[in-house]
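The chain is numbered in sequence order, starting from 1. Note that the structure is predicted; figures quoted are calculated from it, not measured.
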Amino acid sequence: QVQLVESGGGLVQAGGSLRLSCAASGRTIDTYNMAWFRQAPGKEREFVARILTIVASPVYADSVKGRFTVSKDNAKNTVFLQMNSLKPEDTAVYYCAATVKFSNRRDDYFYWGQGTQVTVSS
């Protein structure tokens, strides 16, 4: 079992940047496929980005492609989400998640962090 703890959220103006971190414990992240999801008020939790255990290009939702970058540091057992050119519509609680499946589907992810709030002001 793996435990995930997100950090790095906050309030930023439109056009600004934030870097989210997801620290894992209990198991090493190189055995899992890792992803970021987000949930805005009144909306369902949606896929943002994922990075796989195998060597492969990360996958992004169309809404963040070209602005967000997902990466991981296996030595630190941590996954990152670099968010640039932030927009007010990026405001949400951002969650880190882990699975052994190759999937963007929320229901395929077994382990979740508690989330970190990102607020983008206009």
Heavy-atom distance under 4.5 Å between the side chains of N74 and T28, does that happen here? no
Check for a donor-acceptor pair, side chain of S122 on one end and backbone N or O of P88 on the other, with a separation under 3.5 Å. no
According to the salt bridge (Lys or Arg N to Asp or Glu O under 4.0 Å) rule, which pairs have a member within residues 33-46, sequence neighbours left out? R38-E46, R38-D90
Could you grab the distance from atom CZ of R19 to atom CG of L81, nearest 0.5 Å is fine? 10.0 Å
Determine whether F102 and F37 fall in the same hydrophobic cluster, where Ile, Leu, Val, Met, Phe, Trp and Tyr are linked whenever their side-chain heavy atoms lie under 4.5 Å apart. no
Below 4.5 Å, heavy atoms only, C-beta onward: do Q3 and V5 meet side chain to side chain? no
V100 vs Y32 side-chain heavy atoms within contact, under 4.5 Å: yes
Between S103 and K101 (side chain of the first, backbone of the second, donor and acceptor by atom type, cut-off under 3.5 Å), is there such a pair? no
To the nearest 0.5 Å, atom CD of Q82 lies from atom OG of S21 at 9.5 Å
In Å and rounded to the nearest 0.5 Å, what is the CG to NZ distance from N33 to K72? 7.5 Å
Got a donor-acceptor contact below 3.5 angstrom from the T91 side chain to the V120 backbone? yes
State, yes or no, whether a side-chain contact exists between W112 and C96 at a heavy-atom distance under 4.5 Å. no
Gap between atom CZ of R27 and atom CD of Q1 - 0.5 Å precision: 10.0 Å
Nearest 0.5 Å please: distance from the CG atom of D30 over to the CG atom of N77. 7.5 Å
In terms of ring plane angle, is the pair Y94 and F68 parallel, tilted or perpendicular, where the classes change at 30° and 60°? tilted
Looking at Q39 and A92, would you say the former's side chain and the latter's main chain have a donor-acceptor pair under 3.5 Å? no
Audit row: S17, N84, side chain to side chain donor-acceptor pair (under 3.5 Å) steps and yes/no: CA-CA 4 Å; S17 298; N84 299 328; 2.9 Å; yes
When you compare the side chain of L20 with that of V118, does any pair of heavy atoms fall below 4.5 Å? yes
What heavy-atom pair brings W36 and V70 nearest, and what distance separates the two atoms? CD1-CG2, 3.9 Å
Main-chain N/O of V59 paired to K65 side chain as donor or acceptor, under 3.5 Å: no
Would M34 end up clustered with F47 when hydrophobic side chains under 4.5 Å apart are linked, directly or stepwise? no
What's the spacing between L11 CG and Q13 CD if we round to 0.5 Å? 8.0 Å
Under 4.5 Å between side-chain heavy atoms, hopping through other hydrophobics if needed: is there a path connecting V48 to V79? yes
Residues in ring pair (Phe, Tyr, Trp, His ring centres under 6.0 Å) with Y95, at least two apart? none
Please name all residues satisfying side-chain hydrogen bond (donor to acceptor under 3.5 Å, both in side chains) with N104, sequence neighbours left out, ordered by chain then number. R50
Among the clusters formed by ILVMFWY side chains lying less than 4.5 Å apart, do F80 and L52 turn up in the same one? no
With side chains defined as the heavy atoms from C-beta onward, is the minimum distance between R67 and M83 less than 4.5 Å? no
Check the hydrophobic clustering (I, L, V, M, F, W, Y; side-chain heavy atoms under 4.5 Å; chains of links allowed) and say if V93 and L4 are grouped together. no
